[in-house]
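Reviewing the structure listed below.
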Amino acid sequence: MALNLSKFKKMKTKVSDFLSKILIAVIFSIGLGSCSPNFKLDQSALSFQNPSEPVTVHGDQIGLSVKYKIAPNVFAPKGIAVVRLIQTDGDQKAELARELLTGSKVKSVKGRKIEETAGGDGEIGFSAAYNGENTGLEYWLEVSSFGDSKKLIDAAQKLLEKGTTYTPSPENTHSFRVKITNGVSQLSRTATHNTTPKGIAALFVADTIEPFEATIYFEVNKSIIRESERKRKEIEQLVNFLSKTKEILKIEVNGYASPDGEIQFNNELADERATEAGKFVVRSLKSSQGLKDIQYDLSNTNLYVQNKGTEDWKGLLRGIEFAHIPQKDRVKSIIENTGLNSTEKQAQLQSMSESWEIISEDYLPPLRRANMIINTKVAPRTFEERLELIRAKSTDISASEMLAASEQTSDPILKAEILESAKRQYPADHRSYNNIAVMDIQNGNLQTATRNLDAAAEASPNSSEILHNQAHLASLIKDWSKLGIVLKRARSNDIKMPEFEALSAIVIGKYDEATSILVAKGPSKLLALAQCLSRDYSDASKSLSGLDRTDPTVLYIGSVLAARTKDATGLEQNLQALMSINPQVKNSLLSDPEFANYRQESFFKNLTK
């Protein structure tokens with residue numbers, strides 16, 4: 001049979017094309033398979049630590065950290081996955097954190113490598129400011145898996161772009177989402193220390209020692225008392241007081257210099273200022289009607305004490321405590337550094353030109369001074385006599401006797417009038433500022449209380465009563481930064497305020513530290529709160545057991561504890577008691593994520609309907 005070459009060639013070509021197509025398909029299939037185009041992670045492949053309670057507020061911050069684990073033998077060598085932490089608020093979505101996971105053979109993008117046989121684990125989280133709003137927030141973990149093709153890699157990278165706007169996973173990718181927690185818990189914001197503001201007693205007893213204190217300010221590098229200084233109200237009060245004094249027990253004078261310049265010169269200048277202030281007091285005493293004939297010997301240490309003058313670094317540190325100065329923390333660290341001498345401190349501060357300009361203009365001049373304390377005996381007066389002198393703005397009545405008058409009346413309006421008069425007449429005396437601040441706190445005038453306490457602290461920064469009241473007020477207005485400053489000052493003066501220390505620890509999330517501070521003081525709602533926040537539910541229950549069941553905070557902590565430990569009966573009992581005391585709490589309970597798992601329970605619906 002004859003062979004048709006033309007047909008054979010055509011047949012050969014068709015067979016060759018057919019075989020080529022098969023080979024290409026096989027190669028494509030092999031290549032595509034190695035790129036894992038159908039790679040999928042589902043919920044069975046990923047486990048995570050699901051918090052048993054909502055996100056907790058720490059001060060003005062919220063944060064969440066989720067640990068997850070990829071099971072062995074599920075992550076393809078050429079697989080890619082994006083893990084995202086999503087926040088939802090109704091229909092609004094925001095992306096809080098993201099992480100890229102890649103198989104062991106992926107080289108085109110960099111991410112956390114997941115070994116196929118071993119699996120892997122990771123952690124994703126966020127921290128952000130929180131203003132107490134958006135109580136309907138929810139948090140989700142979303143996982144999207146991709147293959148290692150250019151198109152899918154581009155899609156994965158888009159999901160990793162910066163920004164908080166939520167971008168849905170691209171089509172043809174496998175994604176799933178699981179809820180991490182119901183929202184933001186307000187539990188830590190119930191942290192309070194119920195205490196009473198402290199007044200400062202006048203401790204005024206007739207015919208006993210009564211100190212009168214005044215300060216003379218000097219020009220830079222000078223020890224001469226200026227005429228303008230002699231006419232300043234405080235000094236005129238001193239002269240008037242001395243002119244009418246019948247008996248002087250002791251005079252104490254301290255001289256100071258601002259810490260700028262050569263230290264030996266400053267110390268000598270401070271001594272000269274003290275000497276001039278002492279002479280000023282003695283001259284004023286010699287003009288006194290009852291004391292003009294008495295010879296005052298400045299060498300008599302039973303009568304006159306002049307302490308060695310010094311440049312006043314401590315005074316500068318106190319002066320800038322609440323000041324707004326650039327690089328303030330560095331300034332304070334230089335001043336507090338005991339390893340530096342005066343010259344070295346000055347050099348370092350002067351190198352900070354902007355900070356030094358403010359310090360030298362605003363905070364050094366008040367340090368150039370001499371302080372005088374004159375101890376005298378005073379005669380007793382009736383309340384009516386004292387009130388008459390106060391209303392006449394007489395300088396015959398001392399600050400302590402004015403405070404004593406304020407203690408004699410139960411009329412709050414009259415008490416406030418006396419204390420305000422004391423503030424005006426003796427602006428350097430911290431007690432009247434403190435005691436009027438106590439009244440402000442009791443009346444809910446917290447802004448006025450803040451101003452008065454700041455003035456009291458400026459006059460006497462180490463007073464235990466003022467520090468207590470500042471801490472109390474800071475906790476009332478939730479000014480945690482101010483509370484921290486007050487506690488630091490208390491610690492530096494060895495003043496113990498354990499409850500406020502614990503409160504400060506709670507608001508920044510150091511629950512174990514708060515517990516260790518409070519446990520020695522016995523059960524309290526603050527201790528129960530710290531234990532509940534640190535998930536020590538057994539001890540929290542013990543701490544709550546003996547507390548006042550009519551206290552709304554105690555009942556709320558008990559409700560949260562019952563919800564977290566899945567004690568439906570305990571939750572119902574606590575909520576019933578809470579609602580009976582404060583029915584207005586209903587709306588907040590409905591939106592409180594601590595009780596999200598119980599909103600469909602009949603008892604919860606009945607309580608909140």
Heavy atoms, side chains only, cut-off 4.5 Å: are Y511 and D536 in contact? no

Check step by step if side-chain contact (heavy atoms from CB on, under 4.5 Å) holds for E499 and K521. CA-CA 9 Å; E499 289 86 359; K521 300 186 72 64; 2.5 Å; yes

Between the side chain of S185 and the main-chain N/O of L187, is any donor-acceptor distance below 3.5 Å? yes

List the steps and the verdict of salt bridge (charged side-chain N to carboxylate O under 4.0 Å, His left out) for E219 and R368. CA-CA 7 Å; E219 291 181 290; R368 300 160 188 152; over 6 Å; no

Mark yes when over 12 heavy atoms from residues, nucleotides or ligands other than I224 sit less than 6.0 Å from its CD1; otherwise mark no. no

Can you see which heavy atom on D312 is nearest to which on R318, and at what distance? OD2-NH2, 4.5 Å

Would you call K482 and I477 a side-chain contact if the rule is heavy atoms closer than 4.5 Å? no

Side chains of Q346 and D260: do they bring a donor and an acceptor to under 3.5 Å? no

Please check this pair: side chain of E321 against backbone of E458, looking for a donor-acceptor N/O pair closer than 3.5 Å. no

Apply side-chain contact (heavy atoms from CB on, under 4.5 Å) to the pair E513 and E501, showing each step before the final yes or no. CA-CA 9 Å; E513 180 181 320; E501 291 280 7; 5.8 Å; no

In Å and rounded to the nearest 0.5 Å, what is the CD to CG distance from E336 to L317? 5.0 Å

Count the heavy atoms belonging to other residues, nucleotides or ligands that lie under 6.0 Å from CD of Q237, then report whether that count exceeds 12. yes

Lys/Arg-Asp/Glu bridge criterion (N-O < 4.0 Å) met for E236, K233: no

Look at the side chain of N435 and the backbone N and O of I200, then say whether any donor-acceptor pair between them is shorter than 3.5 Å. yes

With distance as the sole test, does S460 use its side chain to make a donor-acceptor pair with the main-chain N or O of A457 at under 3.5 Å? no

Backbone N or O of N445 within a donor-acceptor pair of the N443 side chain at under 3.5 Å? no

Return the minimal non-hydrogen interatomic distance between S504 and L483, and the atom names on each side. CB-CD2, 4.0 Å

Salt bridge (Lys or Arg N to Asp or Glu O under 4.0 Å) filter on K328, not counting sequence neighbours, yields none

When you look at NZ of K250, are more than 12 heavy atoms from neighbouring residues, nucleotides or ligands closer to it than 6.0 Å? no

The single option from K415, K423, R431 passing side chain to side chain contact (heavy atoms under 4.5 Å, CB included) against I436: K423

Please tell me whether E344 and Q348 have a donor and an acceptor in their side chains that are separated by less than 3.5 angstrom. no

Over all heavy atoms of both residues, which pair between L503 and S475 is shortest? Give the atoms and the distance, please. CD2-CB, 3.4 Å

Sort out for me which residue in I335, N341, L340 forms a side chain to side chain contact (heavy atoms under 4.5 Å, CB included) with N337. L340

For K198, is there any backbone N or O sitting under 3.5 Å from a side-chain donor or acceptor partner on N434? yes

Within the distance-only criterion (no hydrogens, no angle test), does the side chain of T215 pair as donor or acceptor with the backbone N or O of N371 below 3.5 angstrom? no

Stepwise side-chain contact (heavy atoms from CB on, under 4.5 Å) check, I441 with L476: CA-CA 9 Å; I441 292 172; L476 285 178; 3.9 Å; yes

May I ask you to test the I358-Y363 pair for a side-chain heavy-atom distance under 4.5 Å? yes

How close do A540 and A528 get, heavy atom to heavy atom, and via which atoms? CB-O, 3.7 Å

Y256 side chain reached by N266 side chain, heavy atoms, under 4.5 Å: no

Identify whether the distance between the nearest side-chain nitrogen and carboxylate oxygen of R535 and D512 falls below 4.0 Å. no

In short, N452 meets D440 closest at the heavy-atom pair ND2-OD2, 2.9 Å

Minimum-distance pair of heavy atoms, taken over all atoms of H472 and P197: NE2-CD, 3.9 Å

Side-chain contact, heavy-atom cut-off 4.5 Å: V331 with I359? yes

Salt bridge flag under 4.0 Å for residues K67 and D121: no

Looking at Y217, is its backbone amide N or carbonyl O close enough to the side chain of R273 to form a donor-acceptor pair, meaning the two atoms are under 3.5 Å apart? no

Any chance you could lay out the side chain to side chain donor-acceptor pair (under 3.5 Å) test for E354 and W356, step after step, and finish with the verdict? CA-CA 6 Å; E354 188 177 357; W356 180 251; over 6 Å; no

Side-chain heavy-atom pair V281, Y304 within 4.5 angstrom cut-off: no

With side chains defined as the heavy atoms from C-beta onward, is the minimum distance between E357 and E361 less than 4.5 Å? yes

Value for CG (L64) from CG (L96), rounded to nearest 0.5 Å, stands at 8.5 Å

Just by distance, no angles: are the side chains of E311 and S258 close enough, under 3.5 Å, to form a donor-acceptor pair? no

So, E401 and R386, do they make that salt bridge, N to O below 4.0 Å? yes

Donor-acceptor contact present, side-chain E262 to main-chain F265, <3.5 Å: yes

Determine whether F500 and V486 make a side-chain contact, defined as any pair of heavy atoms from C-beta on separated by less than 4.5 Å. no

May I ask you to decide if G309's main-chain N or O and N254's side chain share a donor-acceptor pair within less than 3.5 Å? no

Go through the steps for R369 and I216 under the test side-chain contact (heavy atoms from CB on, under 4.5 Å), then give the verdict. CA-CA 5 Å; R369 69 198 192 282; I216 294 176; over 6 Å; no

Heavy atoms from other residues, nucleotides or ligands near NZ of K345 exceed 12 (cutoff 6.0 Å): yes

